[in-house]
Amino acid sequence: MERMSGPYVIRGSVPLPEAELMWRFSRSSGPGGQHVNTSDSQVELRFDLARTEALPAVWKERALQRLATRLVDGVVTVRASEHRSQWRNREAAAVRLASLLAEASAPPPRPRRPTRIPRGINERRLREKKQRSQTKRGRSGRDWT
C-alpha cells in the first residue's frame, strides 16, 4: 500500500497523531461504473479529541468548545468520497481533519479597538449629503412659473 504524504501539521509544529486516527472504508455512492460496486473508496476518518494527548491542553479545550456540535462522545468524524481512489480520499480526509482542528484550536481574534472618525471625514460626508439634497430639490417642478 502507498504511504500517505503526512505527517499533517495542525498548527506550528504539532502534527496530526497517526496512531490516534481511526479509519473506516466503505463503498462510495455516485458515478464510477462497475468499479464503484467493487471497491471501498469512501473514507471515514475519526479522531478522539476528548482523549488525545497530542494537542496542547489550551488548544484541546478550545477545539472541544468550538466543535461541540460536531462531536459524538468526544470524537470528531470527517468523510471523503469525492475521488475514485481510496488513497486520494484518505489524503483529502486527513487534510480536512487537520484544517478543521487548526481552525478550531486557533486563538480568538484580538478585540477591535474602537477608533474615532476624523472630523474632516464627517464634515465632508455632511457637505456631500447637503449637496445631493440640493440637487434633488432642484429637480422638483415647484418653482417653475
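Closest of all the heavy-atom pairs between Ala93 and Val78 is O-CG1, 3.8 Å. Summarising the geometry of Glu53 relative to Glu20, their closest heavy-atom pair is N-OE2, 3.9 Å, with the distance given to 0.1 Å.
No donor-acceptor pair under 3.5 Å is formed between the side chain of Ser140 and the backbone N or O of Lys136. A distance-only check finds no donor-acceptor pair linking the side chain of Arg24 to the backbone of Gln42 [under 3.5 Å]. One N or O on the side chain of Arg70 and one on the backbone of Thr77 form a donor-acceptor pair closer than 3.5 Å. At distances below 3.5 Å, at least one donor-acceptor pair connects side-chain atoms of Arg66 with backbone N or O atoms of Ala104. Within the 3.5 Å criterion, the main-chain N or O of Lys129 finds no donor-acceptor partner in the side chain of Ser133.
To the nearest 0.5 angstrom, Met22 atom CE is 8.5 Å from Leu45 atom CG. Once rounded to the nearest 0.5 Å, the distance linking CD of Glu103 with CG of Leu67 reads 9.0 Å. Rounded to the nearest 0.5 angstrom, Glu44 CD and Asn89 CG are separated by 12.5 Å. One distance of note links CG of Leu97 with CG of Leu21; it measures 6.5 Å at 0.5 Å rounding.
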Worksheet entry | Test side-chain contact (heavy atoms from CB on, under 4.5 Å) applied to Thr52 and Lys60, step by step | CA-CA 8 Å; Thr52 187; Lys60 185 173 157 181; 4.2 Å; yes
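Contact of the Arg62 side chain with the Pro108 side chain is registered, since non-hydrogen atoms from C-beta on lie closer than 4.5 Å. Looking only at side-chain heavy atoms (C-beta outward), Leu55 and Leu49 come within less than 4.5 Å of each other. At a threshold of 4.5 Å between non-hydrogen side-chain atoms, the residues Gln131 and Gln134 do not count as touching.
Side chains of Ser41 and Gln86: no donor on one and acceptor on the other come within 3.5 Å. Residues Arg125 and Asn122 have side chains that bring a donor and an acceptor to within less than 3.5 angstrom of each other.
Atom CG of Leu126 is surrounded by more than 12 heavy atoms from other residues, nucleotides or ligands within 6.0 Å.
Ion pairing between Arg119 and Glu123 holds under the 4.0 Å rule for side-chain N and carboxylate O. The pair Glu82-Arg96 meets the salt-bridge criterion, with a side-chain N (NZ, NE, NH1 or NH2) lying under 4.0 Å from an Asp/Glu carboxylate O.
Partner Phe47 forms a side chain to side chain contact (heavy atoms under 4.5 Å, CB included) with one of Leu100, Leu101, Val75 and no other, that one being Leu101.
In this structure, Arg90 forms a cation-pi arrangement with Trp23, its terminal cationic atom sitting closer than 6.0 Å to the ring centre and no more than 45° off the ring axis.
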